[in-house]
Amino acid sequence: MPYEAFYHPHAYSWVLLVTLFVVSFMLYRKQAAKPAKITHMILRLFYVIMLSTGIALLVLNEFPIITFVKAVFAIYFIYLMEQILGRTKEHGTDYDENTSRQWFFLVSTLIVIVLIGYDVISF
């Protein structure tokens, strides 16, 4: 299969991933449990799409180290999103120090992933 067959779904799934995360987060904050659960499950579907297309791109590129590093950051990014949504689901609008720290790591990880994706960071 051609490279673009995996690249475009992968790139668009990243956009949808961040959008669905923000929507789920806002719904959990408003304590709208049913719509939040639906968007959270759709978000998990896009985790699978993003990871599977990312693995395909990793194989097509013959495992360059920078792409592998990006994959590790992407898995950490998914972990942080799930942690933030889980805490928001439990505590609603209450924030603690750990949640603020997780938001910092989430945003900084996303910045690193985007910079690696656009070849700003490479080695």
Side-chain angles (χ1 to χ4, degrees):
M1 288 195 105
Y3 181 81
E4 289 81 21
F6 292 107
Y7 174 75
H8 293 293
H10 185 72
Y12 294 135
S13 68
W14 271 101
V15 172
L16 288 171
L17 202 70
V18 173
T19 305
L20 284 169
F21 170 73
V22 170
V23 169
S24 296
F25 176 76
M26 297 306 261
L27 288 171
Y28 278 131
R29 290 267 316 229
K30 290 183 179 182
Q31 298 176 344
K34 186 81 169 178
K37 190 172 189 176
I38 292 169
T39 57
H40 196 171
M41 294 308 275
I42 296 170
L43 176 68
R44 289 178 177 155
L45 171 68
F46 277 96
Y47 292 157
V48 174
I49 293 170
M50 186 267 301
L51 286 173
S52 60
T53 56
I55 290 169
L57 289 171
L58 190 64
V59 170
L60 284 174
N61 287 333
E62 298 175 356
F63 298 96
I65 190 69
I66 191 70
T67 309
F68 186 75
V69 169
K70 182 183 173 198
V72 171
F73 274 109
I75 292 169
Y76 183 61
F77 184 73
I78 291 172
Y79 165 77
L80 288 170
M81 284 193 293
E82 283 294 317
Q83 287 292 317
I84 290 171
L85 288 178
R87 285 180 185 267
T88 307
K89 182 179 178 180
E90 282 182 25
H91 302 296
T93 58
D94 295 336
Y95 272 97
D96 59 353
E97 188 176 315
N98 287 335
T99 307
S100 299
R101 189 176 307 131
Q102 286 178 334
W103 272 104
F104 170 75
F105 287 131
L106 181 86
V107 171
S108 59
T109 302
L110 180 62
I111 290 170
V112 169
I113 290 170
V114 169
L115 291 176
I116 291 172
Y118 282 111
D119 287 331
V120 175
I121 299 175
S122 61
F123 49 88

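Just the heavy atoms: all of them, side chains too, but no hydrogens, waters or symmetry mates, feed the values below. A quick note: this is a predicted structure, and the numbers were derived from the prediction, not measured.
The nearest pair of heavy atoms linking L57 to Y7 is CD2-N, 3.9 Å. Summarising the geometry of N61 relative to P64, their closest heavy-atom pair is O-CD, 3.2 Å, with the distance given to 0.1 Å. Considering every non-hydrogen atom in both F73 and T109, the closest pair reads O-CG2, 3.5 Å. Across every non-hydrogen atom of L58 and F68, the tightest pair is CD1-N, 3.8 Å.
The line from OG1 of T88 to CD of Q83 is 10.5 Å long, rounded to the nearest 0.5 Å. Distance CZ/R87 to CG/N98: 4.5 Å, rounded to 0.5 Å. Note that the CE atom of M50 and the CD1 atom of I75 stand 8.0 Å from one another [nearest 0.5 Å]. In this structure, L106 CG and R101 CZ are separated by 14.5 Å, a value rounded to the nearest 0.5 Å. Of the inter-residue distances, the one linking L60 atom CG with E62 atom CD reads 9.0 Å to the nearest 0.5 angstrom. Going from atom CG of L17 over to atom OH of Y12 covers 16.0 Å, rounded to the nearest 0.5 Å.
Under the 3.5 Å distance criterion, the side-chain polar atoms of S108 are matched with a main-chain donor or acceptor of F105. Between the side chain of T53 and the backbone N or O of I49, at least one donor-acceptor pair lies under 3.5 Å.
One hydrophobic cluster, built from ILVMFWY side chains closer than 4.5 Å, cannot hold both L45 and L27; they sit in different ones. The cluster map of Ile, Leu, Val, Met, Phe, Trp and Tyr, joined by side-chain heavy atoms under 4.5 Å apart, puts V23 and M26 in different clusters. Hydrophobic clustering (side-chain heavy atoms under 4.5 Å, transitive across Ile, Leu, Val, Met, Phe, Trp, Tyr) keeps I55 apart from I78. Residues V18 and V48 do not share a hydrophobic cluster, defined by chaining ILVMFWY side chains whose heavy atoms lie under 4.5 Å apart. When the side chains of ILVMFWY residues are joined at heavy-atom separations under 4.5 Å, either directly or via intervening members, V59 and Y3 end up in two distinct hydrophobic clusters.
V15 belongs to no hydrophobic cluster, as no Ile, Leu, Val, Met, Phe, Trp or Tyr side chain comes under 4.5 Å of its own.
Relative orientation of the W103 and F25 rings is perpendicular, given thresholds of 30° and 60° on the angle between their planes. Ring pair H10/W14 is perpendicular by interplanar angle, where above 60° counts as perpendicular and below 30° as parallel.
Scanning for side chain to side chain contact (heavy atoms under 4.5 Å, CB included) contacts around L115 gives I111, V120, I121, with sequence neighbours left out.
In this structure, I66 and I116 have side chains that are in contact, with non-hydrogen atoms separated by less than 4.5 Å. Two residues are said to be in side-chain contact when any heavy atoms from C-beta on lie closer than 4.5 Å; M81 and Q102 fail this criterion.
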Steps toward side chain to side chain contact (heavy atoms under 4.5 Å, CB included) verdict (L43, T39): CA-CA 6 Å; L43 176 68; T39 57; over 6 Å; no
